[in-house]
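Here is the structure we will look at.
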Amino acid sequence: MANNEELFKQIIAHAKEYGFIFPSSEIYDGLSAVYDYGQNGVELKNNIKQYWWKAMVQYHDNIVGLDSAIFMHPTIWKASGHVDAFNDPLIDNKDSKKRYRADVLIEDHIQKIEDKINKEVEKARKRFENFDEKMFRETNGRVLQYQKQIDDITERFAAMMNANDLAGLKALIEELGIVCPISGTRNWTDVRQFNLMFATKLGSVSDGADTIYLRPETAQGIFVNFLNIYKTGRMKLPFGIAQIGKAFRNEIVARQFIFRMREFEQMEMQFFVKPGEELKWFDYWKQTRLQWHTDLGIAPENYRFHDHEKLAHYANAATDIEFKFPFGFKELEGIHSRTNFDLSQHEQYSGKKLRYFDPELNENYVPYVIETSIGVDRMFLAVFSNAYTEETLEDGSTRVVLKLPAKLAPYKAAVLPLVKKDGLPEIGQEVFDMLKKDFMVQYEDKDAIGRRYRRQDAIGTPFCITIDNQTKEDNTVTVRERDTMAQYRLPIADLTVELMKKLR
RNA sequence: GCGGUAGUAGCUCAGUUGGCAGAGCGGCGGCUUCCCAAGCCGCAGGUCGCGGGUUCGAACCCCGUCUACCGCUCCA
């Protein structure tokens with residue numbers, strides 16, 4: 001495990017040293033869990049997005065794209081459930097260092113009192129023949145006393161939750177004598193609210209509802225545009241809407257480099273299907289998405305499905321594609337069967353009909369949805385950490401090479417005159433000018449050739465094109481492959497076509 | 001948020017008891033070189049994470065703080 005920690009640190013250091021990822025605001029001491037993508041990182045990231053967009057939008061005639069705004073009407077987040085779900089009051093026990101949801105602690109306490117009532121009922125049932133449970137519950141003194149406690153607590157608890165009275169919740173927990181199940185003490189911190197949505201203010205929304213949120217997921221932008229795209233695109237079920245965009249979550253703890261950031265980017269596709277067909281399509285997307293990953297040439301054993309046992313309230317099936325990161329298998333992509341929950345919620349909150357008219361059945365209904373959702377940054381980390389390789393060569397020397405899938409590499413080729421004289425740089429410039437129209441290419445003529453190869457290895461450039469004296473005679477160049485270091489000669493005129501072939 | 005560990009040049013790291021802030025690699029300008037880093041010459045690059053305190057004097061001691069990594073916790 002220590003080895004993996006060391007490896008992860010080296011990967012992070014490499015990402016910085018070679019212009020892939022920098023800590024945000026670094027000259028001001030940085031900003032926790034925010035990162036910037038540097039000159040090579042932005043290329044790799046863009047290539048990942050393009051690979052996804054092509055696979056989803058370009059290769060499916062029934063999937064279209066969308067770029068919805070980050071700002072959205074605040075009611076959307078009430079409809080989606082995020083306003084409530086992202087507002088948990090949390091409290092820590094200072095002795096056990098464990099954190100709990102304050103509302104859950106109180107609910108558990110209420111449950112304990114209910115258990116006591118049930119015990120009384122069971123005792124009585126054994127004692128009396130012709131036991132009338134309803135009568136007993138309504139008349140037994142001890143039960144009534146317990147029930148009164150429950151009613152009191154529930155009433156005050158509900159009022160506090162509605163009023164967002166955090167100090168009151170703490171007082172209630174202390175008053176009820178709730179102890180930490182681990183430490184057994186009542187040594188609690190104050191109750192704090194962790195709202196996982198970032199709020200900001202918009203100038204003029206009616207009725208003082210001027211708080212708006214930075215979206216915590218891109219999916220809702222798709223749902224609220226369902227009708228627009230269905231109508232204007234003349235879409236027929238099943239069809240999908242794909243979107244790539246930033247999302248923001250005020251994570252309590254954001255950690256592990258770019259794995260969990262406060263500002264991150266998602267690639268989401270919502271696939272609308274006929275009710276009853278959702279599980280068929282769920283399986284289809286499960287396989288299709290896994291295929292997308294393994295098509296990159298990354299070993300399949302780095303991936304596994306993790307099917308959810310406990311489903312969210314809106315889902316009737318869910319799985320994660322997990323990837324073997326340097327710190328273990330973690331979620332890379334989620335595939336969820338979200339039923340018609342989201343569209344139904346938006347129907348209810350907006351008062352608009354979000355329905356599909358099915359010409360075959362001659363009736364309309366709210367479509368079901370299969371969601372595929374992958375984090376761009378997590379994909380970046382998966383590809384990057386998988387590519388990072390330290391090799392010892394036959395002659396005992398070492399090299400660090402990023403074995404990136406060629407189509408994702410920041411630069412596709414480097415043009416390198418073998419020496420900086422004899423007219424070779426001039427030819428190199430011509431080759432560079434020819435290739436740059438179709439590919440990201442680098443030209444470099446400083447330092448010994450071996451050193452330049454190593455530099456290109458370190459940023460994952462799959463091909464190095466070397467100009468030598470023979471080039472002047474027959475217009476051929478050496479192509480050197482990154483992973484094998486094998487070399488072969490090609491006519492300059494064939495370079496573009498050959499590169500295209502290799503990058504498909 | 002709690003605990004542990006760390007922060008000195010772009011990177012990796014030395015820095016003795018408190019006494020002129022260093023090395024290797026890398027970068028830049030040259031030289032050399034016809035195929036895989038560590039040949040030669042030269043140059044640039046630092047408020048020792050930040051703030052305060054102790055001291056004649058602080059990279060070093062004390063306090064605070066920020067950031068990162070690991071563990072706990074959280075993750076519709």
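A note on names: the letters A, B, ... follow the listed sequences, proteins ahead of strands, and every chain is numbered from 1.
Nucleic acid contact for A:Q470: none, since no nucleic acid atom lies under 4.0 Å from a heavy atom of the residue. Counting non-hydrogen atoms under 4.0 angstrom, A:T478 reaches a base of the nucleic acid. Residue contacts shown for A:K472 are absent, as no nucleic acid heavy atom lies under 4.0 Å away. Residue-level contact check: A:Y35 touches the backbone only, with heavy atoms under 4.0 Å from sugar-phosphate atoms and none from bases.
Judged as a salt bridge (Lys or Arg N to Asp or Glu O under 4.0 Å), the pairs with a partner in residues 315-327 of chain A (not counting sequence neighbours) are, in order, A:R304-A:E322. For the ring pair (Phe, Tyr, Trp, His ring centres under 6.0 Å) condition, no pair includes a residue of residues 439-495 of chain A, sequence neighbours left out. Counting only residues at least two apart or on different chains, the salt bridge (Lys or Arg N to Asp or Glu O under 4.0 Å) pairs with a member in residues 478-492 of chain A are A:D457-A:R480, A:D468-A:R489, A:E481-A:K502.
Remark: A:K49 engages A:E265 in a salt bridge (Lys or Arg N to Asp or Glu O under 4.0 Å) (not counting sequence neighbours). In terms of the side chain to side chain donor-acceptor pair (under 3.5 Å) criterion, residue partners of A:E268 (sequence neighbours excluded) are, by chain and number, A:T218, A:S373. Under the salt bridge (Lys or Arg N to Asp or Glu O under 4.0 Å) criterion, A:K436 pairs with A:D433, not counting sequence neighbours. Remark: A:K472 engages no residue in a salt bridge (Lys or Arg N to Asp or Glu O under 4.0 Å) (not counting sequence neighbours). Remark: A:E498 pairs with A:K501 by the salt bridge (Lys or Arg N to Asp or Glu O under 4.0 Å) rule, at least two apart or across chains.
Less than 6.0 angstrom separates the ring centroid of A:F8 from the ring centroid of A:F327.
If you measure from atom NZ of A:K420 to atom C1' of B:rC31, you get 11 Å, rounded to the nearest angstrom.
Between the P atoms of B:rG51 and B:rA58, the separation comes to 14 Å (whole Å). The same atom, C1', is picked in B:rC70 and in B:rC48; the two are 25 Å apart, to the nearest Å. For the C1' atom pair drawn from B:rC20 and B:rG53, the interatomic distance equals 25 Å after rounding to whole Å. Rounded to the nearest Å, the gap between the P atom of B:rG42 and that of B:rG4 is 49 Å. Distance noted for atom C1' between B:rG39 and B:rU33: 9 Å (whole Å).
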Can you list, pair by pair, the side-chain donor-acceptor contacts under 3.5 Å of residues 408-421 of chain A, counting residues two or more places apart and other chains?
unit_1: A:K412; atom_1: NZ; unit_2: A:A406; atom_2: O; d: 3.1
unit_1: A:K412; atom_1: NZ; unit_2: A:K407; atom_2: O; d: 2.9
unit_1: A:K412; atom_1: NZ; unit_2: A:A409; atom_2: O; d: 2.8

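Under the 3.5 Å distance criterion, with hydrogens and angles disregarded, no donor-acceptor pair is assigned to the side chains of A:T339 and A:N316.
Cation-pi geometry between A:K16 and A:F22 is not met: the NZ or CZ atom fails to fall both under 6.0 Å from the ring centre and inside 45° of the normal.
Position along RNA chain B of the nearest nucleotide to A:R455 versus A:V419 favours A:R455 as the more 5'-ward residue.
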Please tabulate, one pair per line, each protein N/O and nucleotide N/O from nucleotides 7-13 of chain B that are separated by under 3.5 Å, including the distance.
unit_1: B:rC11; atom_1: OP1; unit_2: A:K16; atom_2: NZ; d: 2.6
unit_1: B:rC11; atom_1: O2'; unit_2: A:E17; atom_2: OE1; d: 3.2

Please produce a list of atom pairs where a protein N or O lies less than 3.5 Å from an N or O of nucleotides 36-43 of chain B.
unit_1: B:rC36; atom_1: O2'; unit_2: A:R454; atom_2: NH2; d: 3.0
unit_1: B:rC36; atom_1: O2; unit_2: A:R480; atom_2: NH2; d: 3.0
unit_1: B:rC36; atom_1: N3; unit_2: A:R480; atom_2: NE; d: 2.9
unit_1: B:rC36; atom_1: N3; unit_2: A:R480; atom_2: NH2; d: 3.2
unit_1: B:rC36; atom_1: N4; unit_2: A:R480; atom_2: NE; d: 3.4
unit_1: B:rC36; atom_1: N4; unit_2: A:M485; atom_2: O; d: 2.7
unit_1: B:rC36; atom_1: N4; unit_2: A:Q487; atom_2: NE2; d: 3.1
unit_1: B:rA37; atom_1: OP2; unit_2: A:R454; atom_2: NH2; d: 3.2
unit_1: B:rA37; atom_1: O2'; unit_2: A:R451; atom_2: NE; d: 3.2
unit_1: B:rA37; atom_1: N7; unit_2: A:R454; atom_2: NH1; d: 3.3
unit_1: B:rA37; atom_1: N6; unit_2: A:T398; atom_2: N; d: 3.4
unit_1: B:rA37; atom_1: N6; unit_2: A:T398; atom_2: OG1; d: 3.0

Just the atom pairs and distances: protein N or O near nucleotides 44-47 of chain B's N or O, under 3.5 Å.
none

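Between A:K421 and B:rU33, a side-chain N or O to OP1/OP2 separation shorter than 4.0 Å is present.
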